[in-house]
Amino acid sequence: MDLWFSEATSEGHKISLRVKETLYQGKSEFQEIAVLDTEDFGHVLVLDGLFQTTERDEYVYHELIAHVPLMAHPAPVRVLVVGGGDGGTVREVLRHPMVEAVTLCEIDGEVIAQSRKWLPGLACGLDDPRVTVKVADAIAYVKEQPAAYDVVIVDSSDPVGPGEGLFSAAFYSDVKRALKPGGVVCVQTESPFAMEDQLSRAYRYLYAVFPRVETFVGTIPTYPGHLWSWAFCSEGPGPFDRLREGDMAAVEAQTRYYNGDIHRGAFALPNYVKRMLAGLREQALAPSGR
Ligand code: SPD
């Protein structure tokens, strides 16, 4: 039987993977969860019908979301990962020997359980002694963490269902408060090519909350638009100001995508993205946009 799973990017475009077997399908308290075994992309996690991660291309997303902020911080000791229940981001964070404690705050314990079972290559770091897994609503958790973290990584799903509240001014303000002095934040901000509405929602608030917001991009074959974006945010320092060049070779030896050239090059943006972001920054900073 010829079985395909498709995610619609728009009314007229879909991304499809041929499915060998459905490994898990269920409904948690928060969302529909599926894990598929696919012909070309290995095991694939799907939440509410949307691709979240695949064994074949996950490294691009997870290396970028983790190493860009961690390498741009002079001493990342305490790290918070919001969402990211598949464990891929935590796995990358643990590659930094300076990191002493990682908290993963994921609302849906079933995502963690299914990832441990079917995506062991991603979830492999979750039992590391430096990691604390909290199954909790990050919106409430972050509120209670003033000045607690050097780096906060928001590895959310899309702004629908449980991910929705993570794209809000109130949440980003609490994330800023959760930073230690000099801390940095990295937020997944959707596709500039295919998801301008979702991206706009994130940046309107990020620009209003953080004095420094810089965008970087990468190509994820299974995500809508393929071009994906992340925001690097801080109270001032930029992504290259404090780059730990001395630690780059040790990180590069362990990565498939990230390296020093990528760290710098990922912040080079196409004109349509620059213009989109300039408009959003202007709106956010206009007296009525705040
Ligand atoms: N539409 C896909 C958006 C997914 C962003 N988060 C992915 C989680 C991977 N750890």
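Order of listing sets the numbers, starting from 1, for every ligand and every atom in it. By convention here, the first residue in the shown sequence is residue 1. For the numbers below, each heavy atom of this structure counts, side chains included, while hydrogens, waters and symmetry mates do not.
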Trainee: Looking only at side chains, do D108 and Q31 share a donor and an acceptor under 3.5 Å apart?
Mentor: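 Result is yes, a qualifying pair exists.
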Trainee: Would you say that R95 contacts V251 through its side chain, given a criterion of any heavy-atom pair below 4.5 Å between the two side chains?
Mentor: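 No, too far: nothing below the 4.5 Å cut-off.
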Trainee: Nearest to atom 7 (C) of ligand 1, what protein heavy atom do you find, and at what distance?
Mentor: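 Ranking protein heavy atoms by distance from atom 7 (C) of ligand 1, first comes Y223 OH, 3.3 Å.
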Trainee: For the 3.5 Å polar cut-off, considering only N or O atoms, please tell me whether S157 and ligand 1 meet it.
Mentor: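 Not met; the criterion fails.
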Trainee: Which class fits the ring pair H226 and H13: parallel under 30°, tilted 30 to 60°, perpendicular over 60°?
Mentor: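 Because their plane-to-plane angle is over 60°, the rings of H226 and H13 count as perpendicular.
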Trainee: What are the atoms of ligand 1, with element, lying closer than 4.0 Å to any heavy atom of S156?
Mentor: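 Matching atoms, with element in brackets: 5 (C), 6 (N).
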Trainee: In terms of relative ring orientation, are Y258 and H67 parallel, tilted or perpendicular, with 30° and 60° separating the classes?
Mentor: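 Judged by the thresholds at 30° and 60°, the geometry between Y258 and H67 is tilted.
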Trainee: Parallel under 30°, tilted from 30 to 60°, perpendicular over 60°: which one fits the rings of F240 and F267?
Mentor: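 Aromatic pair F240/F267 classed perpendicular.
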Trainee: Using a strict cut-off of 4.0 Å, indicate which atoms of ligand 1 neighbour a heavy atom of F51.
Mentor: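 Listed by number with element: 1 (N), 2 (C).
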Trainee: Compute the minimum heavy-atom distance from H62 to ligand 1 and say whether it is under 4.0 Å.
Mentor: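 The answer is yes, since H62 has a heavy atom less than 4.0 Å from ligand 1.
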Trainee: Ligand 1 versus W230, non-hydrogen atoms closer than 4.0 Å: side chain, backbone, both, neither?
Mentor: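 For W230, there is no contact with ligand 1 at all, from either part.
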Trainee: Considering only heavy atoms of Q188, which atoms of ligand 1 have at least one such atom less than 4.0 Å away?
Mentor: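 That gives atoms 5 (C) of ligand 1.
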Trainee: Give the residue and atom name of whichever protein heavy atom lies nearest to atom 4 (C) of ligand 1, and the separation in Å to one decimal.
Mentor: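 Of every protein heavy atom, Q52 OE1, 3.4 Å lies nearest to atom 4 (C) of ligand 1.
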Trainee: May I ask you to check if ligand 1 and D86 share an N or O to N or O distance below 3.5 Å?
Mentor: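 N/O-N/O distance below 3.5 Å exists for this pair.
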Trainee: Should we say atom CD of Q254 is surrounded by more than 12 heavy atoms from elsewhere, each under 6.0 Å from it?
Mentor: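 Atom CD in Q254 is crowded, with more than 12 foreign heavy atoms closer than 6.0 Å.
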Trainee: In terms of residue, atom name and distance, what is the protein heavy atom nearest to atom 3 (C) of ligand 1?
Mentor: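 It is D158 OD1, 3.3 Å.
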Trainee: Is it true that D155 lies under 4.0 Å from ligand 1, counting heavy atoms only?
Mentor: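 Right, D155 reaches ligand 1.
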Trainee: Looking at ligand 1, does any of its N/O atoms fall within less than 3.5 Å of an N/O of Y61?
Mentor: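 N/O-N/O distance below 3.5 Å exists for this pair.
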Trainee: Could you check whether atom CD of E196 has more than 12 heavy atoms from other residues, nucleotides or ligands sitting under 6.0 Å from it?
Mentor: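 No, not enclosed.
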Trainee: Hey, could you give me the CG/CH2 distance between L45 and W118, rounded to the nearest 0.5 Å?
Mentor: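 The CG atom of L45 sits 13.0 Å away from the CH2 atom of W118.
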